[in-house]
Every structure is written in structure tokens, then in C-alpha cells.
Peer 1: 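Structure incoming, see below.
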Amino acid sequence: MSDTSEDPSRPVYARLPSDEAEAVAMQTELAGCVVVADDDRPVDTIAGLDIAYDKHSDAAVATAVVLRREDRAVLDSAVVRGVSDFPYIPGLLAFRELPLLLRAIEALAVTPDLYVCDGYGLTHPRRFGLACHLGVVLDAPAIGVAKNPPHLPVTAPGPRRGEWTAISAGEETVGCALRTQDGVKPVYVSVGHRCTLDTARELILELAPDYRIPEPIRAADQLGRRRLAEA
DNA sequence: GCGACAG
DNA sequence: ATCTTGTCGC
């Protein structure tokens, strides 16, 4: 069902910003587009996204894996090899990863109801992490799940699966630390676009029944490393 | 006040 | 992200 005849629907990435200042300006402007509210449509399919990098070459493999929420079965997946044209700069991860992730998403045959990104959503210095950027560009529900905490005061949640604490920046709540398994380090969940933090937190917990990392991201991560090791 | 910030 | 084995525990 993918029609590649035309897609001027990505003005944001007609070109990458030429320097940090421009990137920051883009984020600051786009941050106003983020919607923090749940859609009416139910979430039945979720896509996990990730990028694996080769150790010595500049090769990168972006993966998108769509899982059925009901049983977390894999419904579809896409892999795309490429190179990042932007370096990793704290706070500007989206400019490094989004182009490749979008290509992987385009290669999917199934359009997921929601995307789960590896990294921050609103838990970002300018409230516009990778998950927000992806969500706004696709105008789709998105959630960010990071393995490391932001430089904000974070109170450790209780030791049991499901326990969590809110993460605030000033007066606003920008995310939460969520314990997805008993006794493991928490993951940091934040809204990317078109969903609420409560929904994001509940969904991520539901999607992580056996491991610390939620299944969508875990599946994408594993697929990426496999394909990187193969060819 | 300055600097620290996902992958 | 990536470099890296065995080992402790359920």
C-alpha cells in the first residue's frame, strides 16, 4: 500500500540543519506543535524503532518492528541500511537518527497506531526530544523511552515493577522514571506526541512484561544488531 | 553563575 | 551507540 509517487510531506527534512544553532532554533519552533492528549483511536499496533551502528565503519542500520498489542506478536518489520549525516550531539539526537528511522518506517507495510522511540520525548532540554520530533513529523502518537535519566532531579521509584515517580522541570511534569521489572534500573518515559504521560507510562509497562526494555524497542534493537552482524 | 543531558 | 567473558542467581 506504499505509494512512493510523491511525498513532499517532510519539509522538516528537506535538509538537515547546517549547524547547532539552526538545529536548536528548529527544535524550539517545532516544540510548539507537540500535542499532549490521547487520540480517540484505540492503540492496537505499536512500532518500536532503533538504530544500530557498526563499530568501525560509519554504517548504520535502522529498524522498525510492528507488534500487535494483544499478544506482542510481530506483524511487520523493516530494515534499512545507511549512514548518518549528522553527528551525535547531546540534545540533538533526532537530527542524527530521524532521517534513517523515517526511511525504515516508510518501508513498513503496516501503519502502526503508535511509535515507541529509543530516547527522550518531552524529557528534553527544549521539550523536543526524538520522540516528539518523530511524532510531529509523522503527525502520529509517539512515546519516548530512555535508558538513562535526564539531568533533572529524579527521585528513585520503589523497587517493584510498576512503581514510578514523576520527573519535573520547573512546574511542568516532563516524564517519569518507571520500574518495568522488580529490582531493575528504571526506564525514563516521556510523551512524544498525541498521548498523555499516564497513557504512555501504562502502555510502556504493559509492553514490558518480561524484560526491562519494552518489547517493541527490544525487538527493533535485536533485529538491528542481527542485521549488522550478518551483511 | 556555570555546566551536566538520550543514542 | 560501541569496546567485552564469565559469572552469579532464579
Side-chain angles (χ1 to χ4, degrees), chain A residues 16 20 23-24 26-28 30-31 34 48-65 79-105 115-136 142-154 159-161 167-170 172 174-178 180-193 197 200 204 209-214 216-229:
Chain A
L16 287 166
E20 271 190 58
V24 170
M26 282 172 69
Q27 290 185 323
T28 303
L30 290 171
V34 175
L49 310 170
D50 190 37
I51 293 185
Y53 297 92
D54 187 45
K55 50 178 171 181
H56 270 145
S57 76
D58 57 351
V61 173
T63 52
V65 179
V79 179
V80 53
R81 304 184 75 98
V83 175
S84 281
D85 303 307
F86 202 87
Y88 169 67
I89 298 174
L92 303 180
L93 176 66
F95 297 103
R96 174 174 175 71
E97 307 209 322
L98 202 37
L100 238 43
L101 291 179
L102 291 175
R103 284 182 48 201
I105 291 170
Y115 294 90
V116 179
C117 296
D118 226 320
Y120 297 150
L122 291 177
T123 303
H124 175 276
R126 287 170 294 282
R127 309 284 173 275
F128 200 68
L130 174 62
C132 296
H133 213 141
L134 181 102
V136 167
I143 293 172
V145 178
K147 295 181 283 295
N148 294 299
H151 284 188
L152 288 170
V154 178
R160 316 294 292 178
R161 168 181 154 80
I167 296 176
S168 302
E172 39 189 331
V174 296
C176 68
L178 171 66
T180 52
Q181 294 294 317
D182 292 352
V184 304
K185 293 193 304 179
V187 293
Y188 304 87
V189 180
S190 57
V191 170
H193 189 51
L197 180 57
I204 293 305
D210 303 317
Y211 299 91
R212 177 170 90 113
I213 303 302
I217 287 182
R218 205 165 160 272
D221 184 78
Q222 295 185 339
L223 178 58
R225 332 188 96 132
R226 272 195 310 250
R227 295 301 291 268
L228 200 51

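Lettering of chains follows the sequences in order, A, B, ..., and the numbering in each one begins at 1.
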Peer 1: Students often get this wrong, so: under 4.0 angstrom with heavy atoms, is A:Leu92 touching a base, only sugar-phosphate, or nothing?
Peer 2: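 Base contact.
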Peer 1: Mind listing the closest non-hydrogen atom pair of A:Val145 and A:Val116 along with its distance?
Peer 2: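 For A:Val145 and A:Val116, the tightest heavy-atom pair comes out as CG2-CG1, 3.9 Å.
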Peer 1: Quick one: are A:Val34 and A:Arg127 in side-chain contact, heavy atoms under 4.5 Å?
Peer 2: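 They are not in contact (no side-chain heavy atoms under 4.5 Å apart), so the answer is no.
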Peer 1: May I have the distance from A:Asp210 (atom CG) to C:dC10 (atom P), rounded to whole angstrom?
Peer 2: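 Computing the A:Asp210:CG to C:dC10:P distance gives 18 Å.
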Peer 1: Given C:dA1, is OP1 or OP2 found less than 4.0 Å from the side-chain N or O atoms of A:Lys55?
Peer 2: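 No.
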Peer 1: Classify A:His124 by what it touches in the nucleic acid, base, sugar-phosphate, or nothing, heavy-atom distance under 4.0 Å.
Peer 2: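 A:His124: base contact, heavy atoms under 4.0 Å.
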Peer 1: Assign A:Pro150 to base, sugar-phosphate, or nothing according to its heavy-atom contacts below 4.0 angstrom with the strands shown.
Peer 2: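 Answer is nothing: A:Pro150 stays at 4.0 Å or more from every strand.
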Peer 1: Take A:His193 and A:Tyr115 through the ring pair (Phe, Tyr, Trp, His ring centres under 6.0 Å) test and state the conclusion after the steps.
Peer 2: CA-CA 9 Å; A:His193 189 51; A:Tyr115 294 90; over 10 Å; no
Peer 1: Find the distance A:Gln181:CD to C:dG9:C1' and express it as a whole number of Å.
Peer 2: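 Rounded to the whole Å, the gap is 16 Å.
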Peer 1: If you count every heavy atom of other residues, nucleotides or ligands that lies below 6.0 Å from A:Arg126 atom CZ, does the total exceed 12?
Peer 2: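 Correct, the count exceeds 12.
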Peer 1: Answer with base, sugar-phosphate or nothing: what part of the nucleic acid does A:Tyr120 contact at a heavy-atom distance below 4.0 Å?
Peer 2: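 Base: the residue A:Tyr120, judged by heavy atoms under 4.0 Å, touches a nucleobase.
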Peer 1: What is the distance, to the nearest angstrom, from the CG atom on A:Leu101 to the P atom on C:dA1?
Peer 2: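 Whole-Å distance recorded here is 13 Å.
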Peer 1: Nearest to the A:Pro90 side chain among B:dC5, C:dT2, B:dG7, which nucleotide is it?
Peer 2: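 Between B:dC5, C:dT2, B:dG7, the one nearest the side chain of A:Pro90 would be B:dC5.
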Peer 1: Could you please name the option among B:dA6, C:dA1, B:dA4 that lies closest to any side-chain atom of A:Tyr53?
Peer 2: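 Output: C:dA1.
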Peer 1: Can you see if the side chain of A:Tyr188 gets near the phosphate of B:dA6 - specifically, an N or O under 4.0 Å from OP1 or OP2?
Peer 2: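 No.
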Peer 1: Are A:Phe128 and A:Met26 packed together at the side-chain level, in the sense that at least one heavy-atom pair is separated by less than 4.5 angstrom?
Peer 2: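 Answer no - side chains too far apart.
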Peer 1: Provide, to the nearest angstrom, the distance between the OH atom belonging to A:Tyr88 and the P atom belonging to C:dA1.
Peer 2: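 Going from OH in A:Tyr88 over to P in C:dA1 covers 10 Å.
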Peer 1: Return no unless some side-chain N or O of A:Arg96 is found under 4.0 Å from OP1 or OP2 of C:dA1.
Peer 2: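 For C:dA1, neither OP1 nor OP2 has a side-chain N or O of A:Arg96 closer than 4.0 Å.
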Peer 1: Base, sugar-phosphate, or nothing: which does A:Arg126 touch, judged by heavy atoms less than 4.0 Å apart?
Peer 2: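 A:Arg126: no heavy atom of the nucleic acid under 4.0 Å.
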Peer 1: Out of C:dA1, B:dA6, B:dC5, which nucleotide sits closest to the side chain of A:Arg225?
Peer 2: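 Minimum distance to the A:Arg225 side chain belongs to C:dA1.
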Peer 1: Rounded to whole angstrom units, what separation is found between the CG atom of A:Leu100 and the C1' atom of B:dG7?
Peer 2: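 From A:Leu100 CG to B:dG7 C1': 13 Å.
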Peer 1: CG of A:Asn148 versus P of B:dC5: gap in Å, rounded?
Peer 2: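 Going from CG in A:Asn148 over to P in B:dC5 covers 11 Å.
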Peer 1: Whole-Å distance between C:dT2 P and A:Ile51 CD1?
Peer 2: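 Taking atom P of C:dT2 as the reference, CD1 of A:Ile51 is at 11 Å.
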Peer 1: Taking Watson-Crick and G-U wobble pairs with both distances under 3.5 Å, convert DNA chain C into its dot-bracket string, 5' to 3', dots for unpaired and | for cross-strand pairs.
Peer 2: ..........
Peer 1: Heavy atoms only: give me the nearest A:Leu16-A:Pro99 pair and the separation to one decimal.
Peer 2: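 Minimum heavy-atom contact is CD2-CG, 4.0 Å.
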Peer 1: Quick check: do A:Cys132 and A:Leu122 have side-chain heavy atoms less than 4.5 Å from each other?
Peer 2: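 They are in side-chain contact.
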Peer 1: Over how many whole Å does the gap from A:Asp50 atom CG to C:dA1 atom P extend?
Peer 2: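 Value for this atom pair: 7 Å.
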Peer 1: Considering non-hydrogen atoms only, spot the tightest contact between A:Asp221 and A:Asp50 and give its length.
Peer 2: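 Closest pair (atom of A:Asp221, atom of A:Asp50, distance): OD1-OD2, 2.9 Å.
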